[in-house]
2 protein chains.
Amino acid sequence: MFVLDLKSGVPICDQIVNGFIKMKALGLISAGDQMPSVRSLALKFSVNPNTVQKAYAILESGGIIYSVKGRGSFVSDDESAHSAVLDRARSDFKAAVSAARDLGLGSLELNKIINDIYKEEEKC
Amino acid sequence: MFVLDLKSGVPICDQIVNGFIKMKALGLISAGDQMPSVRSLALKFSVNPNTVQKAYAILESGGIIYSVKGRGSFVSDDESAHSAVLDRARSDFKAAVSAARDLGLGSLELNKIINDIYKEEEKC
DNA sequence: CAAGTGTACTAAGTCACATAGTACACTTAG
DNA sequence: CTAAGTGTACTATGTGACTTAGTACACTTG
């Protein structure tokens with residue numbers, strides 16, 4: 001399970017959303033798995049249930065999870081939701097590349113940074 | 001001169017800061033050049049002078065510009081400030097790469113995105 | 001001297017975010 | 001059936017960042 005950084009300035013509900021999206025991308029949770037209940041996760045994170053509820057609502061609106069009254073929330077198998085996440089990731093990355101280019105970083109350096117980060121992965 | 005996007009959610013003062021940093025990186029302004037006055041820039045952007053003043057204070061604290069009472073603000077030639085900007089850019093880009101990797105994007109795709117964006121530049 | 005400059009300060013308004021508390025409908029285990 | 005646990009909805013409140021508004025002062029330059 002991911003952790004929250006209350007000092008980061010990133011809204012808590014967004015951190016929860018991104019945390020579960022990452023978990024799904026990494027295979028730590030899969031379609032059909034039951035999500036922690038709103039109240040239990042709020043307790044675990046020492047956060048208000050309303051904040052978790054908001055995060056779950058965002059995840060559901062994005063098709064990442066679905067919720068059933070009285071039963072709980074579950075990881076969705078919506079393929080279009082997954083590709084939407086990837087599209088968003090590509091878009092964000094493109095913006096990051098453009099920003100780096102505007103500040104004078106060269107393509108070679110950017111490629112090197114990428115390779116360095118992905119080499120870290122191979123070590124595992 | 002750059003433009004402001006009031007709908008972006010990015011604080012106006014930050015947009016002004018980033019705008020001038022980009023302008024310096026692109027060579028549109030150089031060390032010694034005089035910055036627009038706080039009041040005139042506020043008028044141009046239809047923004048409160050306090051907001052521009054805040055942006056200039058941030059730029060000065062970062063060594064990007066320096067200000068002289070009664071005369072105006074000027075672009076600094078502080079080399080360490082420039083390298084600090086580059087360091088920040090590298091750090092931001094690394095974070096973007098890590099985020100993209102966590103969401104399942106491969107290094108080959110990221111490299112391709114970079115090359116595509118930098119090819120756009122060559123056309124000019 | 002007058003105009004333009006940076007700088008500082010208080011006050012107010014707006015907005016997003018988080019918290020607090022309550023309430024209701026539903027499902028499931030007992 | 002009952003109780004516990006679930007998602008969901010709602011109002012109210014507090015906080016902090018951001019912006020605006022207005023005023024004021026010290027300084028430089030023509």
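Below, chains carry the letters A, B, ... as their sequence lines are ordered, and counting in each starts from 1.
- If you take CG on Asn48(B) and CD on Gln53(B), they are separated by 11.0 Å, rounding to the nearest 0.5 Å.
- Of the possible polar contacts, none joining the Ser98(A) side chain to the Ala95(A) backbone as a donor-acceptor pair under 3.5 Å is found.
- Across the protein-nucleic acid pair, Gln34(B) atom CD and dG6(C) atom C1' stand 11 Å apart, rounded to whole Å.
- Separating the CD atom of Gln15(A) from the P atom of dA16(C) is a distance of 19 Å, rounded to the nearest angstrom.
- In this structure, Tyr56(A) OH and Ile16(A) CD1 are separated by 8.0 Å, a value rounded to the nearest 0.5 Å.
- In this structure, the nucleotide among dC27(D), dT19(C), dA8(C) sitting nearest to the side chain of Asn50(B) is dA8(C).
- For Val47(A), taking side-chain heavy atoms from C-beta onward, the closest of the listed nucleotides dT19(C), dA23(C), dG6(C) is dT19(C).
- Taking every side-chain heavy atom of Pro11(B) into account, dT19(D) is the closest of dA18(C), dG7(D), dT19(D).
- Position along DNA chain C of the nearest nucleotide to Val68(B) versus Lys69(A) favours Val68(B) as the more 5'-ward residue.
- Between Leu6(B) atom CG and dC15(C) atom P the separation is 14 Å, expressed in whole Å.
- Across the protein-nucleic acid pair, Leu59(B) atom CG and dG6(C) atom P stand 13 Å apart, rounded to whole Å.
- The distance from atom CD1 of Ile16(A) to atom C1' of dA18(C) is 11 Å, rounded to the nearest whole Å.
- In this structure, Gln15(B) contributes its side chain and Asp5(B) its backbone to a donor-acceptor pair below 3.5 Å.
- The distance from atom NZ of Lys7(B) to atom P of dC15(C) is 17 Å, rounded to the nearest whole Å.
- In this model, the phosphate group of dT20(D) is approached by a side-chain N or O of Thr51(B) to a distance below 4.0 Å at OP1 or OP2.
- Minimum atom distance to the side chain of Arg39(B) is reached by dG6(C), of the listed dT19(D), dT19(C), dG6(C).
- Contact annotation: Lys54(A) side-chain N/O to dC17(C) OP1/OP2 distance is under 4.0 Å.
- Taking only side-chain atoms of Ser37(B), from C-beta outward, the nucleotide of dG6(C), dT20(D), dA18(C) with the closest atom is dG6(C).
- Side chain of Lys24(B) to backbone of Leu103(A): no donor-acceptor contact under 3.5 angstrom is found.
- Here dT28(C) is the nucleotide among dA18(C), dT28(C), dG7(D) with the atom lying nearest to any side-chain atom of Arg71(A).
- Comparing Gln53(B) and Cys13(A) against DNA chain C, the residue whose closest nucleotide sits nearer the 5' end is Gln53(B).
- Among the protein residues, Glu60(A) comes within range of the sugar-phosphate backbone only, with heavy atoms under 4.0 Å from sugar or phosphate atoms but none that close to a base.
- Side-chain N/O atoms of Ser73(A) include one lying less than 4.0 angstrom from OP1 or OP2 on dG7(D).
- Cluster partners of Val68(B), using a side-chain heavy-atom cutoff of under 4.5 Å among ILVMFWY residues and allowing indirect links, are Tyr66(B), Phe74(B).
- One finds no side-chain N or O of Ser40(B) lying less than 4.0 angstrom from the OP1 or OP2 phosphate oxygen of dG4(C).
- Taking atom CD1 of Ile65(B) as the reference point, atom P of dT5(C) lies 14 Å away to the nearest angstrom.
- Between the CG atom of Leu43(B) and the P atom of dT20(D) there is a distance of 13 Å, given to the nearest Å.
- Dashed line: the shortest gap from a side-chain N or O of Ser67(A) to OP1 or OP2 of dG7(D) is not under 4.0 Å.
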